[in-house]
Amino acid sequence: MKYRRQLAEAAAWIAEFEDRDLPEDVQEMARLQVVDTLGAICGGARSEVGRRIRQGLERRATPGPCTVLPDGARWSVSDTVYLHSALANALELDNFVLSGHFGQSAVAVALALGELLGATLQEVLTAQIVGLEVGTRLGAYISAGPHHGQMRAYAHRVASASCAARLLRLPREGVERALAIALAAPEFPMVPAAFSPDTKANLSSAPTVEGLRAAFLAEGGMDAATEILDHPLGLVGMFTYMSELPRIWERLGESWYIHSLSTKTQPTCAYAQGAVTAAVELHEDLPCEPAAIERVVVRVPMTAVVMEAFSDPHQGGGVTPVNTHFSTRRSVAAALQFGRLTSSLFDASFGGKAEAIQSLADRIELRHDWGMTVDLIRGVDAGLREAGRPGVYGMGQT
């Protein structure tokens, strides 16, 4: 049986896309993504989980030509990419686009591999954009399944492989093989590992490194199942609840997911940013001690209500930095007590603050606001090309 082999469509664009076809505003957004990702990496290095990851890697890290942030050590490309991906993810402070946090893969690979290959800044930027545009579409269109948000780790494999294949200048057939190799054994993250413990921080690290290696293997001529997406027992059949596969990459080079780039001012889930920003401002003029607060009501859209449920502690009820990042209630409680949330809040001293954070969080009520939810849906609809058209992102299905 013949399958559509959508990987071939993505591979053709990756291999043949010309730098001069990049709109200037797309390049400017990519530059901003680099700066923001570097900030998230440096902030993550100061967190306790970032320190633990660095400590666990550096004794066995392979020396190499790639610069490790923030101290300038020199490691192999794989070790550098793994660490930077984890540090960017450590504080939930990194930027994101419509379907994921692809600075963790596209930026990490573009910078490290670009340094290894001696690539120009333009080549690095183009590869970053290519990785993001290909990876985001996979994460967006394969939306119905057991994984949510950053748990779609397989999308980082595709972003990383796309970015690396572009920098390596693989031909179309080589790029297709790289993507197929990358998706041959995708990760299947577990919910308890993703929303409370330290393991959330490196959810994207192994997929990103394996996507990079997939490009190296394709360069060496390794074969792969290039119908891995379209086959009934391929990625869609095994990782989603979907009965058919939409045309994932039909508008590559026509629309740009990087236009949805969003940055954060607080180390929390995007759905908590507004409420936490308000709590930080309120902290300055709070007329009483946080312990005296009897009740706080926070009005939020549906997305924040859903994320709050995911943030329920998975380690015997313990409050951790990770389930604080994902919780609007705990993040607001932290901001009311400590003001602006920085990496220092989530260092080794966090354990001594957890009880106070949870005590105030217990007095915070999230109240769903239908007006906010409707505005959110209208905003998404307004941002879609041919909104309402049949398909995964037609509003009848979303």
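In this text, all values refer to a predicted model and were calculated from it rather than measured experimentally.
Put simply, the side chain of Val68 does not reach to within 4.5 Å of the side chain of Arg74, judged on heavy atoms. Trp256 is listed as a side-chain neighbour of Ile129, based on a closest heavy-atom distance under 4.5 Å. For the pair Gln266/Glu92, no side-chain contact is recorded, criterion being any heavy-atom separation below 4.5 Å from C-beta on. Using a 4.5 Å heavy-atom cutoff, the side chains of Trp75 and Cys66 are not in contact. Between Ser255 and Arg137 the shortest side-chain heavy-atom distance falls below 4.5 Å. A 4.5 Å side-chain heavy-atom check between Val300 and His368 finds every atom pair outside the cut-off. For the pair Ile14 and Leu179, the minimum side-chain heavy-atom distance is below 4.5 Å. You'll find the side chain of Leu91 reaches within 4.5 Å of the side chain of Ser343, heavy atoms only.
Between the Arg363 side chain and the Glu294 main chain, no donor and acceptor come within less than 3.5 Å of each other. No donor-acceptor pair closer than 3.5 Å links the side chain of Ser105 to the backbone N or O of Ala159. Formation of a donor-acceptor pair under 3.5 Å by the Glu133 side chain with backbone atoms of Tyr257 is found in this model. Between the side chain of Glu115 and the backbone N or O of Thr67, at least one donor-acceptor pair lies under 3.5 Å. Counting only distance, with no hydrogens or angles, the side chain of Thr136 and the backbone of Ser99 share no donor-acceptor pair below 3.5 Å.
Checked against the 6.0 Å centroid threshold, Phe326 and Phe310 do not count as a close aromatic pair. His325 and Phe346 have their aromatic ring centers within a separation under 6.0 angstrom.
Residues Leu7 and Leu235 share a single hydrophobic cluster, defined by chaining ILVMFWY side chains whose heavy atoms lie under 4.5 Å apart. By the rule that hydrophobic residues join a cluster once side-chain heavy atoms approach within less than 4.5 Å of another member, Val296 and Leu341 end up as members of one cluster.
Between His156 and Phe102, the two ring planes are tilted [angle within 30° to 60°].
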